[in-house]
Amino acid sequence: MSIAVKDNICTKYYPTTCSSRMLKDCESPFDATVVSLLSDNGAGIMGKANCDEFGMGSLNVHSVHGPVINPFGLRKGQAELRSAGGSSGGSAAAVAAGLCDAALGTDTGGSVRLPASYCGVVGLKPSYGIVSRWGVVSFADSLDCVGVLARDVSTVRRVHNPIATYDARDPTAASPKIRGRAAQMCADRLEAFKDGDYTGLRIGIPQEYFPSELQTSVVDSLKRVLDKLQARGATLVPISLPSTQYALSAYYVISSAEASSNLARYDGIEYGFRASLPPGTDMTKTANVYAETRSQGFGKEVQRRILLGAYALSADAFENYFLKAQRVRNLIKADFDRVFSLPNALRSASSQTAPPDGQGVDVIIHPSAIQTAPPLPDNTADSSSDLSSLDAYVQDVLTVPASLAGLPALSVPAGQGSDGWPIGVSIVGQWGAEEMVLRVGEAIEKCHAGPL
Ligand code: GLN
């Protein structure tokens, strides 16, 4: 099987640039654990995939290699330049264009699911801690996950399963005991659904996932999917996840705070790019080397996150921003635990409020994105106006809650919008219930002709 690897995952035989000038000539001396595991299982790594710089972006336009063009526009016989989504846009585009069988991406707040949706392919963000992050260049450690993109759910499963193993080198890896417990609970529940009969499957539809920005055709596609699942015996359950409204703000505070700390290492002294300073600069002042290197080495979006994150962590703002965002994160986790029938294997029974017997849901289904792939911005080099970054941030509004809660989420193609472009729907499950979301994803896949 041929696999493309997002360029923020270390590979020995290809450069690892993170799409940044800072690491443009970086060669890793080792493979990330996920890459070694795939090679050991007979996969061929066919190349590195473009991405937003250090994984920061929703449209894959913030890259030293240039933007990623969504291959769907070219396939239709016309050159319509739309975004492939970000930040794993190169991975999704490589799969959609048939350049590889599958691709690895990373998903911190939606970067596998959003490009999967825009490009009409399947994308899995696993539960946090299930797939090793060793050798993956950090953006926001408490959120980063390595995910898989492919043209169908069964290929995603074939790539995900061998990389979903415990790795002692990743300090945030879930222990074999906890992952075993979660997998067992999931398998026990799946016993109830055999041979395509989904009688008794309870699907939660969260009322907060239908913001005003949602395109009508996206809602129509979702309805068609739900009708078909209902016809196969599933029950639709309206649910509420009340803290969803705060998720996007909390995500950008937490992820930027972690990014500002992680990216402090790129200072022009130890490794990576070093700016040559203008003649006459005092070279004995390391501050000059730092400032010049970081100003030239990082793109505008990365600089914006570093500033936002450093501010959120500063003494004046810590309480009001960082701590508040962490509290919101806990509320979001509790929202999910209150609706899932399976308990969260990461927490003790006494620390979670389970739904009343028989009232919980097996999965949650919602649109993956608020719209089909947006056009590539005119000036893709580094669009820095506030409006365009805010627009880009809003693309993640439906994907960030599962990231903050560390839950598995799968985006599968669900037809086309009124503009003829792909639409995706997402299935979210309890922590460790990957097989549940994959099975429901397969059921949805069967409702449609398949990938676009
Ligand atoms: N678009 C989000 C961001 O820019 C998510 C990125 C990601 O998942 N890597 O932070």
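Indexing begins at 1, ligand by ligand and atom by atom, following the structure's order.
- The part of Ser87 lying near ligand 1 is the side chain, judged by heavy-atom distances below 4.0 Å.
- Ligand 1 has no N or O atom lying under 3.5 Å from any N or O atom of Phe139, backbone or side chain.
- For ligand 1, one of its N or O atoms has an N or O atom of Thr108 under 3.5 Å away.
- Around atom 9 (N) of ligand 1, the closest heavy atom drawn from Ser111, Ser256, Cys51, Ala259 belongs to Ser111.
- Considering Thr17, Asp52, Asn50 in turn, Asn50 is the only one that fulfils the side chain to side chain donor-acceptor pair (under 3.5 Å) rule with Ser63.
- Using a 4.0 Å cut-off to heavy atoms of Tyr251, the atoms of ligand 1 that qualify are 2 (C), 3 (C), 5 (C), 6 (C), 10 (O).
- The atoms of ligand 1 that sit less than 4.0 Å from any heavy atom of Met56 are 4 (O).
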Using side chain to side chain contact (heavy atoms under 4.5 Å, CB included), reason through His366 and Val428 one step at a time and then give a plain yes or no. CA-CA 8 Å; His366 63 78; Val428 180; 3.6 Å; yes
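- With 3.5 Å as the limit, one finds no donor-acceptor pair spanning the side chains of Asp31 and Ser36.
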**Prompt:** Passes side chain to side chain contact (heavy atoms under 4.5 Å, CB included), Ile45 versus Ser39? Steps please.
**Reply:** CA-CA 7 Å; Ile45 306 302; Ser39 305; 4.1 Å; yes
* To do: List the steps, then state whether side chain to side chain contact (heavy atoms under 4.5 Å, CB included) holds for Leu313 with Ser260.
  => CA-CA 9 Å; Leu313 291 174; Ser260 73; 3.9 Å; yes
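- The local environment of CZ in Phe273 is crowded, with over 12 non-hydrogen atoms from other residues, nucleotides or ligands closer than 6.0 Å.
- For a threshold of 3.5 Å applied to N or O pairs, the pair formed by Gly55 and ligand 1 contains at least one separation below that value.
- Under a 4.0 Å criterion applied to the non-hydrogen atoms of Tyr252, ligand 1 contributes the atoms 1 (N), 2 (C), 3 (C), 4 (O), 10 (O).
- Atoms of ligand 1 found under 4.0 Å from any heavy atom of Asp107 (numbered from 1 in listed order, with element): 8 (O).
- Under 4.0 angstrom from ligand 1, there are no non-hydrogen atoms of Lys125.
- Classification of the Phe298-Phe54 ring pair by plane angle, with boundaries at 30° and 60°, yields perpendicular.
- In Tyr393, neither the side chain nor the backbone holds a heavy atom less than 4.0 Å from any atom of ligand 1.
- In Asp396, the part holding a heavy atom less than 4.0 Å from any atom of ligand 1 is the side chain.
- Within the 3.5 Å criterion, the main-chain N or O of Ser91 finds no donor-acceptor partner in the side chain of Ser88.
- The distance from ligand 1 to the heavy atoms of Gly57 drops below 4.0 Å at these ligand atoms: 1 (N), 2 (C), 3 (C), 4 (O), 6 (C).
- Checking side-chain atoms of Arg329 against main-chain N and O of Leu404 turns up a donor-acceptor pair under 3.5 Å.
- Ligand 1 has a nitrogen or oxygen under 3.5 angstrom from a nitrogen or oxygen of Arg305.
- Considering Thr33, Val35, Thr16 in turn, Thr16 is the only one that fulfils the side-chain contact (heavy atoms from CB on, under 4.5 Å) rule with Cys10.
- Within the listing of ligand 1, atoms 5 (C), 7 (C), 8 (O) sit less than 4.0 angstrom from a heavy atom of Gly109.
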